[in-house]
*Asks:* 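One structure, as C-alpha cells, below. Some questions next.
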Amino acid sequence: MTTEIKGRFGRFGGQFVPETLMTALQELDEAYDAVKLDESFQEELRYYLKNYVGRETPLYFAERLTKECGGAKIYLKREDLNHTGAHKINNALGQALLAKRMGKKKIVAETGAGQHGVATATACALLNLECIVYMGAEDVKRQALNVFRMELLGTKVVAVDKGSATLKDAVNEALRHWVTNIEDTHYILGSAMGPHPFPTIVRDFQRVIGDETRAQVLEAENRLPDAVVACIGGGSNSIGMFYPFIQDKDVALHGVEAAGKGIETGKHAAAINRGQTGVLHGAFMYLLQDENGFVQEAHSISAGLDYPGVGPEHCHLHDIGRATYGNVTDEEALEGLKLLCRTEGILPALESAHAVHYAAKLAKTMSPDDILVICLSGRGDKDVHTISEALGGDLR
Amino acid sequence: MSQLKDAVLSATSQGSKAFIPYIMAGDGGLEKLKPIILKLQQLGVTAIEIGIPFTDPVADGPTIERAGERALANGTTLRKVIETLTGFADELTVPLVAMTYLNPILAYGVEQFAADAKAAGIRGLIIPDMPLEESAIVHPALSKERISLVQLVSLTSTPERMERLTKASEGFIYAVTVNGITGARSSFANELQEHFKRIQSYTDTPVLAGFGISTPDHVKDFGSFCSGVIVGSKIVESIVNEDWATIEDLIGASKVTPVK
C-alpha cells in the first residue's frame with residue numbers, strides 16, 4: 001500500500017545515484033520482479049531458510065519480563081536464534097540467491113556492526129560467491145570478533161578510514177566498488193535503504209519476520225498484537241516486522257531510533273526524530289545534516305544503529321502517522337540489555353536492546369490484556385567487549 | 001540558447017577542441033579561488049568546472065575526494081563558494097560549471113540556489129548523484145535562470161538510455177570514459193571511439209570526454225573523436241603542486257598548432 005509510484009514511498013525513496021549505476025539498478029529491478037513470481041526461486045529460498053537458517057524462529061512469551069514490567073503481555077520474536085545470530089541472514093541469503101540467478105559471481109557489501117557482513121560472508125561461502133566487505137575502521141575496532149568471523153568465511157574485509165569511519169563511509173566505499181566493478185558484481189545492501197529497488201528487496205526478504213509473527217500470535221492468542229516494537233538504524237528488521245501489519249490498523253507500530261548520548265546533546269542517530277529531508281546513498285529520506293546540507297556523523301553505542309539516514313519506507317510511515325518513532329539512549333539501551341539478561345537469560349544485541357528498553361516502558365502503560373511483540377533482531381555475543389567497557393568492566 | 005553550449009561550440013570551430021578543467025573550490029583556501037579561475041581563463045580554457053566539496057562524494061576518486069576533504073576542513077560550503085564567485089563575476093569571460101552533489105542544493109533551497117548561481121557566473125550544473133529520472137527536482141528552477149543541466153552518459157548506459165540522456169543534456173554531454181569514479185588512468189578501451197560516435201549520432205550538442213584524462217596524449221586522442229575533454233584529478237593535483245607547466249601542456253594539447 002505504501003508504494004504508489006515504483007520506487008517511491010510517498011515523497012521518499014527514488015534513485016539518486018551516478019549514471020553508471022542506473023543500468024545495473026534497472027537490471028536488478030527486472031531480475032527481482034522475475035524471481036518474485038518464480039516459484040522455483042521462492043522454493044529454493046524457503047528451503048535454505050528452513051534447513052540452513054533454522055526458520056521459523058520462535059515467538060516466545062517472556063513471562064518474567066512481563067511480570068517485571070507489570071503491563072502488557074510481552075512476546076519476543078527470536079531473530080537472535082537465526083544462523084549467524086541476527087535477522088540479517090534473511091536478506092543476505094535472498095540477495096545472494098538473486099545474484100546467482102543474475103549470473104553475478106562477485107559480491108560487495110557494507111557492514112556496520114558486522115552482522116550484515118557476517119551474514120553476507122556466510123551466504124557467499126554457502127553459494128560459492130567471491131565476497132568483499134567494506135567496514136568503517138571505527139567499527140572494525142568495535143567489532144573485532146565479527147571481522148575475524150568474516151575472514152574465516154573467506155571474505156575480504158576492507159577497513160574504511162574516511163569520514164567518520166563508520167557505516168555511512170562503508171556504504172560510500174561499497175558504492176564506489178560497485179560502480180567500478182559493475183559488470184560482474186552484485187551489491188548486497190544490508191538495510192532497507194539506498195536506491196530503488198533495494199528498499200523493496202530488503203523489505204520483501206525481511207517480511208518473513210512479520211509474516212511468521214502474525215501467524216504465531218494468532219495461534220497463541222487467537223488475535224493480533226496491540227503493539228510491535230523494533231529498533232531502527234537503516235530499518236530492515238523493523239520494516240520486516242511492520243510490513244505484514246500495516247493494513248491492521250489496530251496494531252500500533254513502534255520504531256526505536258538510537259538517541260546516543262541523548263537527543264539534546266546532538267550526539268545521536270535519530271534521523272526521523274531530529275533529521276531534515278535530504279538525499280544520501282541513493283534515496284530521499286530523513287537525514288542528519290547541517291544547514292549546508294553536509295551529512296552529520298551519527299552516534300550510538302550500537303554500531304548497527306550508527307547511521308545518519310533511515311530507510312524511505314519508514315520516512316513515509318512516519319509522515320502518514322502509521323508508525324510511531326521513539327528513541328532510546330545508550331545508557332537506557334544498556335539498562336534494557338541487563339533487564340533481558342536478568343529476567344529471561346537472553347543477551348540481546350545492543351541494537352535490539354534499544355527495542356527492549358522502549359518496549360518495557362511501553363508495556364507499563366498498557367493493560368495486562370494487551371499483547372506486545374518485541375523484535376529481538378540479534379544476539380549480543382558480538383557486543384560483550386563494548387558492553388563490558390560501558391559498564392566499567394575489563395574483559396581481557 | 002545555452003551560453004555554455006555556445007562557448008563549447010566556439011572553442012571547436014577552428015579545429016581546436018574544448019578544454020574544461022575541474023578545480024575543487026576551497027582546496028588551499030577560498031581566497032585562492034579567484035586567482036586560479038582568472039589564471040585558467042587567461043590560459044584559454046573553454047569553461048571551468050567548479051567542484052563543491054561534500055561529506056559523501058560517492059562518484060569521486062581518491063584525488064578529488066582528498067581535495068574535497070581539505071576544502072571541507074577549510075570550512076568551504078556551497079554558500080561561501082557562491083559568495084566568493086559573485087565577488088568577481090564581472091571579471092569572468094568564460095562560463096562556470098558547478099559540480100555539486102544534490103543535498104547541498106536541497107539544503108540551500110533550489111530556487112534561491114539557481115538565482116544566486118546565475119549571479120555568480122554559473123552557467124552549467126553537473127549533479128553526479130542525480131540521474132535524468134530524478135532531475136525534475138531542480139530542472140524548472142535552473143531553466144528559469146538559463147543554467148544548463150549537463151547529463152552524464154556512461155559506458156553502461158543502454159542505447160535507449162543514451163539517446164534519452166543525450167537529447168536531454170544541456171550545454172554539452174559529459175561522456176564518462178570508464179566504469180568507475182574519477183581519477184587518472186593509463187589506458188582506455190579501444191571500443192571508446194565507437195561509443196563516442198554513437199553518442200554523437202543522437203544529437204548536435206557537443207560531446208566532451210571526462211574521467212581519467214591525465215596526459216596531453218589523452219587530450220589529443222579524445223579530441224580526435226569528440227568535441228573536447230574535461231580534466232579533473234590531474235588539474236587538481238597540479239594546482240596543489242603549483243605545477244602550472246603541466247596545466248599549460250594539457251590545455252595546449254587541445255589547441256590546433258598554427259601551420260607555419
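Here is how names work: the chains are called A, B, and so on, in the same order as the sequence lines, proteins then strands, and each is numbered from 1.
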*Asks:* Are side-chain heavy atoms of B/Tyr108 and A/Asn292 found at a separation under 4.5 Å?
*Replies:*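 Not touching, per the 4.5 Å side-chain cut-off.
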*Asks:* When heavy-atom pairs shorter than 4.5 Å are enumerated against chain A, which of B/Pro131, B/Pro104, B/Pro57 gives the highest number?
*Replies:*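 Max contact count across the listed options: B/Pro131.
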*Asks:* Around A/Arg11, counting heavy atoms of other residues, nucleotides and ligands shown, do more than 12 lie under 6.0 Å from its CZ?
*Replies:*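 For A/Arg11, atom CZ is crowded (more than 12 foreign heavy atoms under 6.0 Å).
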*Asks:* So what's closer than 4.5 Å to chain A heavy atoms on B/Glu69: side chain, backbone, both or neither?
*Replies:* side chain
*Asks:* Who wins among A/Glu173, A/Lys162, A/Glu291 for the most heavy-atom pairs under 4.5 Å with chain B?
*Replies:* A/Lys162
*Asks:* Against chain A, work out which of B/Ala107, B/Ser154, B/Pro53, B/Ser157 has the most heavy-atom pairs shorter than 4.5 Å and name it.
*Replies:*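 Sorted descending by pairs with chain A, the first entry is B/Ser154.
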*Asks:* If you apply the rule side chain to side chain contact (heavy atoms under 4.5 Å, CB included), what do you find for B/Asn103 with A/Leu280, and how did you get there?
*Replies:* CA-CA 7 Å; B/Asn103 205 50; A/Leu280 180 71; over 6 Å; no
*Asks:* Go through B/Thr156, B/Leu106, B/Asp56, B/Ile127 and name the one with the most non-hydrogen pairs under 4.5 angstrom from chain A.
*Replies:* B/Asp56
*Asks:* Which heavy-atom pair separates A/Val295 from B/Phe54 by the least distance, and what is that distance?
*Replies:*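 The answer is CG2-CZ, 4.0 Å.
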*Asks:* Do the side chains of B/Arg161 and A/Glu19 get close enough for a salt bridge, i.e. N-O under 4.0 angstrom?
*Replies:*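 A salt bridge links B/Arg161 with A/Glu19.
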*Asks:* May I have the step-by-step check of side chain to side chain contact (heavy atoms under 4.5 Å, CB included) for B/Asp129 and A/Val279, ending in yes or no?
*Replies:* CA-CA 9 Å; B/Asp129 60 346; A/Val279 165; 4.2 Å; yes
*Asks:* Between B/Glu133 and A/Arg8, is there a side-chain N and carboxylate O pair less than 4.0 Å apart?
*Replies:* no
*Asks:* With a 4.5 angstrom heavy-atom cut-off, could you sort out which part of B/Ser135 is near chain A: side chain, backbone, both or neither?
*Replies:* neither
*Asks:* What part of B/Ile105 lies closer than 4.5 angstrom to a heavy atom of chain A: side chain, backbone, both or neither?
*Replies:* neither
*Asks:* Is it the backbone or the side chain of A/Gln276 that comes under 4.5 Å from a heavy atom of chain B, or both, or neither?
*Replies:* neither
*Asks:* Can you tell me if A/Lys100 has over 12 outside heavy atoms packed within less than 6.0 Å of its NZ?
*Replies:*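 Count over threshold, so yes.
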*Asks:* Output the distance between atom OG1 (B/Thr158) and atom CE (A/Met22), rounded to the nearest 0.5 Å.
*Replies:* 10.0 Å
*Asks:* Identify which part of A/Gln289 has an atom lying under 4.5 Å from any heavy atom of chain B, answering side chain, backbone, both or neither.
*Replies:*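 It is the side chain, since no backbone atom gets that close.
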*Asks:* Counting only non-hydrogen atoms closer than 4.5 Å, does B/Pro128 touch chain A with its backbone (N, CA, C, O), its side chain (CB onward), both, or neither?
*Replies:* backbone
